[in-house]
Amino acid sequence: MLITLRPIGHLKELFPANQEKYELELSGTWTIRNIVTKSFDVDPDSISGIVVEGKHRKWDYEPKSGDEILLIPPLGGG
Amino acid sequence: MKIVAKKPELCDGCGICEETCAQAWFKEKDKEKSAIRIMDNPNGDFNIVVCDHCGECVDVCPVEAIKTAKSGIVTIKDSDCVECYSCVGFCPKGAMFKHPEEPVPFKCTSCGKCVKECPTGAIYMEEV
Amino acid sequence: MSEDQARKVIQTFKYEPKRLERGYSDRTLYVNLSDNTVKAKTISEETKDVFIGGRGYGLYYLWQAVTGVTKWNDPENEIIISCGPIAGITQYPGTGKSIVVTLSPTTGTVIDSNVGGYFGPFMKFSGWDALEVQGKAERDVVVYIDGDKGVVTIEEVPLGDLNTHVLAERLTDYYSESENDKKNISVVSTGTGADNSLMGMLNFSFYDRKRKAVRIKQAGRGGIGSVFRDKNIAAFVIKFSNVNGDLNNPADKKRINDTGIKMHKEVASMDPKQNNMRKRGTTMLTPIANDNDLLPVCNFKFGTHPDAVKITKWEDKFCHTGSDGCWYGCTVGCAKVVFGFELRTGPYKGQKVLVDGPEYETIGAVGSNVGVFDRDHILECNFYCDTYGIDTISFGTGAAFIMECYENGILNKDITGGLELNFGNREAVMELLHQIAGGEGFGKIAGQGIRKMKKIFVEQYGANSRFLEDIGMEAKGLEYSEYISKESLAQQAGYGMANKGAQHDEAWLIFMDTVLKQIPTFEDKAEALHFFPMFRTWFGLVGLCKLPWNDVVPANNADTDEPQKVPEHVENYLNLYNGVTGKEATIDDILFESEAVYNFQRVFNLKMGVGKREHDSIPYRSVGPVTVEEYESRQERYDDQLKDLIGVDPSGKSTEEKIKVVREYREKQYEILVDTVYKRRGWTDQGIPTLDTLKRLRVDFPDVVGLVKKHL
Ligand code: SF4
């Protein structure tokens with residue numbers, strides 16, 4: 001299955017290539033936690049929220065093919 | 001300076017150091033008032049928590065109530081404390097303590113009393 | 001203290017310092033500078049019940065003081081400082097905020113501005129829930145509260161330079177007995193910019209023991225400093241010794257302590273992995289804003305700029321200590337400082353000074369928005385705005401507006417007295433600031449704020465008024481703070497509907513709206529425009545800073561049901577509030593408290609003639625592209641929207657034609673959202689709270705109802 005991972009704001013810096021987004025081809029079942037910690041070795045503590053297609057999802061959510069997963073840092077704004 | 005150093009593998013968890021410390025500073029037996037703590041590990045052995053005078057709390061204190069003496073020992077001046085407990089939250093070793101009955105946090109001053117009473121040699125004074 | 005001979009005490013008022021009970025003294029200090037009355041007033045249980053404290057108290061007292069025709073510079077206008085029941089506890093980050101309330105010279109209605117520093121907590125510990133100052137002094141005076149002895153005096157003291165970096169230090173020295181005593185003094189002051197412009201602000205000081213320096217935080221918005229100087233106030237000074245963690249006499253100290261220690265642990269472990277506020281302060285927002293097309297560039301035309309990377313990193317400039325809080329116990333500690341900065345311009349040229357900041361807003365306002373991408377310029381401007389007592393936001397947004405007018409030929413060198421106010425001209429920006437502060441040259445006009453400038457430019461220089469309405473970034477007369485809202489309909493309304501004018505502190509919804517797409521429907525947006533303004537208002541009722549709420553979060557935040565609300569922190573706040581006051585309030589209870597005050601403020605706007613739908617309108621620059629240049633800078637985005645959202649084929653159309661279609665669409669969207677929000681808030685389609693709403697919220701006082709009825 002193909003999913004897109006998008007780290008927002010300074011979370012980008014935690015991902016190896018500092019890219020806007022990552023397209024991943026995954027086989028088998030994956031939770032978002034596994035994708036973030038196993039595929040990227042990123043500390044989940046840095047992430048304040050996860051949004052998939054406009055909805056909040058938790059760490060054990062298993063994305064479907066085509067999902068775009070947004071990882072959000074704490075963003076209070078002013 | 002001399003600080004309390006530890007060999008946790010020798011500790012048998014008797015808690016004499018905790019009692020000694022609480023008695024020395026607060027004239028009480030309540031181990032929650034000790035500045036050295038013996039923590040049970042799940043595998044049956046013990047973890048010894050005590051200040052190593054790293055100075056993190058000195059930085060975080062907003063009122064300079066915590067100072068590093070010339071000797072290198074870190075101490076709190078009670079009368080300057082504003083009870084914000086930043087130091088309790090920021091101590092990387094978890095060795096700054098707060099007791100519900102005591103407004104000011106407390107920590108090891110390297111007095112060495114606990115070391116003298118330890119029956120196993122799990123704690124000792126070390127020059128660093 | 002050889003100056004004692006020159007010190008002239010005009011009035012002395014002695015009082016019994018009173019211990020706080022559960023966060024309150026239930027007393028306010030009233031000072032009238034026209035007749036030198038000083039007295040204590042009692043706050044009734046009913047007032048406390050509805051208005052809670054902080055902004056609530058400010059609004060309550062101002063409402064009693066002014067009528068619908070009172071002007072900002074009438075003696076009846078008051079400046080009220082209050083912080084609320086939680087303020088002054090030392091165990092949790094962000095618990096020392098004061099709210100200042102007055103009638104604003106640029107909006108004509110109520111302004112409220114929140115500020116750190118030690119004044120508010122010291123005022124409470126001295127026995128006062130609020131300070132209310134009315135009237136006008138004949139000559140410059142200091143109002144001095146000695147909270148140790150229980151004495152309030154109105155005095156004339158030899159002052160000299162009124163600019164804050166000089167005056168606050170002098171007064172701190174003057175009223176303290178030793179170096180060690182300086183920590184017990186807090187000064188509220190401003191500077192010459194407040195004398196000579198309508199964008200004056202107030203600096204609240206605190207003494208930084210580690211750096212042995214007087215530090216300041218700003219009540220920036222809406223010209224409060226100008227009111228202060230109009231009353232001939234040089235400073236408020238307070239002295240209170242022996243701060244400890246128990247002075248609020250809270251109902252449940254342990255609950256507060258446990259909550260505080262838990263939070264400090266969270267900040268210690270999470271902040272370095274998250275926003276790193278402890279090292280970067282709010283500057284951490286700058287790169288995010290630039291990356292997401294939100295950083296105002298050249299009067300909000302664009303949201304990003306290639307040179308912005310030059311102003312995004314500040315850590316290396318800051319002089320770090322481990323405790324940069326603006327009140328005790330703030331481990332988030334965003335109050336950053338640059339040490340030994342050498343000034344290149346102005347009256348203090350060549351001196352090495354301490355600069356408090358910069359914060360994100362200042363970087364946007366006096367940097368990117370005027371097209372200057374230079375950190376030293378930002379520091380220079382930040383320093384001078386602070387010491388002159390000028391709001392960096394109103395100055396920067398105002399200067400950006402002037403620059404766009406200049407580049408469009410509306411202004412020229414004859415009018416500006418030789419200033420070449422092109423975007424990017426840092427010398428001209430600094431010169432403009434010095435002129436505003438000195439009340440000289442073109443600065444006299446620039447210091448009036450955008451709303452008044454628009455009128456002047458149309459009437460005197462023949463400017464096209466519609467163009468100025470489009471590009472003049474103000475709402476209700478208050479200059480915009482520094483976010484591009486074009487792509488976020490919810491944020492447009494967040495700015496437009498904010499009670500005080502265009503400030504983002506009620507609602508910051510840009511990310512939820514545009515990046516995360518969590519609030520797609522009008523109803524979703526309206527719900528967010530209900531919850532966030534109400535919850536954020538509550539911070540200002542009780543004395544809290546917003547930043548520790550959602551600029552650092554617990555490790556498991558993403559696994560909660562509503563991560564954007566940071567549920568564990570909301571729980572913490574209930575623990576603090578209930579721990580101090582002894583209430584057992586729930587989240588619904590506190591939202592209700594806020595909603596009452598919020599609606600009261602809306603009615604207050606109505607009283608001052610600006611509380612209707614027409615006053616919630618916003619400049620088109622904040623909604624969509626005004627000019628061809630702007631449209632074409634994001635052509636692909638707008639063309640796609642034409643096709644996908646509006647159903648119009650962009651091919652073959654001129655940019656002007658496309659702008660027109662986009663505009664019609666976007667303006668209509670805004671109106672639909674306004675309708676939806678009014679409904680959600682229980683207001684009429686003219687934006688007036690209905691009598692049922694006022695009744696439900698228990699603010700249906702006879703004069704409120706009488707006023708509202710006239711408009712229904
Ligand atoms: S986060 Fe910053 S503004 Fe808020 S209380 Fe702490 S130091 Fe002050």
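Please read all numbers here as calculations on a predicted model, not as lab measurements. Just the heavy atoms: all of them, side chains too, but no hydrogens, waters or symmetry mates, feed the values below. Lettering follows sequence order; numbering is per chain, from 1.
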Checklist outcome for this item: Max heavy-atom pairs within cutoff under 4.5 Å with chain C, candidates B/V104, B/V88, B/D80, goes to B/V88

Next on the checklist: For the interface with chain C, which of B/P100, B/C61, B/P103 has the highest count of heavy-atom pairs at distances below 4.5 Å?
Outcome noted: B/C61

Checklist entry - Per the salt bridge (Lys or Arg N to Asp or Glu O under 4.0 Å) rule, which among C/K279, C/R278, C/K210, C/R211 passes with C/D324? => result C/R211

Let's test your reading of the structure: which of [options] forms the most heavy-atom pairs below 4.5 Å with chain B?
| options | result |
| --- | --- |
| C/G333, C/G260, C/G245 | C/G245 |
| C/C330, C/G322, C/S269 | C/G322 |
| C/E266, C/H264, C/K265 | C/H264 |

Item to check | Charged N-O contact under 4.0 Å between B/K33 and B/E28 | outcome: yes

Next on the checklist: Within 45 degrees of the ring normal and closer than 6.0 Å to the centroid, is that where the cationic atom of B/K7 sits relative to B/Y124?
Outcome noted: yes

Checklist entry - So what's closer than 4.5 Å to chain B heavy atoms on C/K253: side chain, backbone, both or neither? => result side chain

Checklist entry - Which word best sums up how the rings of C/W549 and C/F539 line up, parallel for under 30°, tilted for 30 to 60°, or perpendicular for over 60°? => result tilted

Checklist entry - So C/F125 and C/F240, would you call those rings parallel, tilted or perpendicular, with 30° and 60° as cut-offs? => result tilted

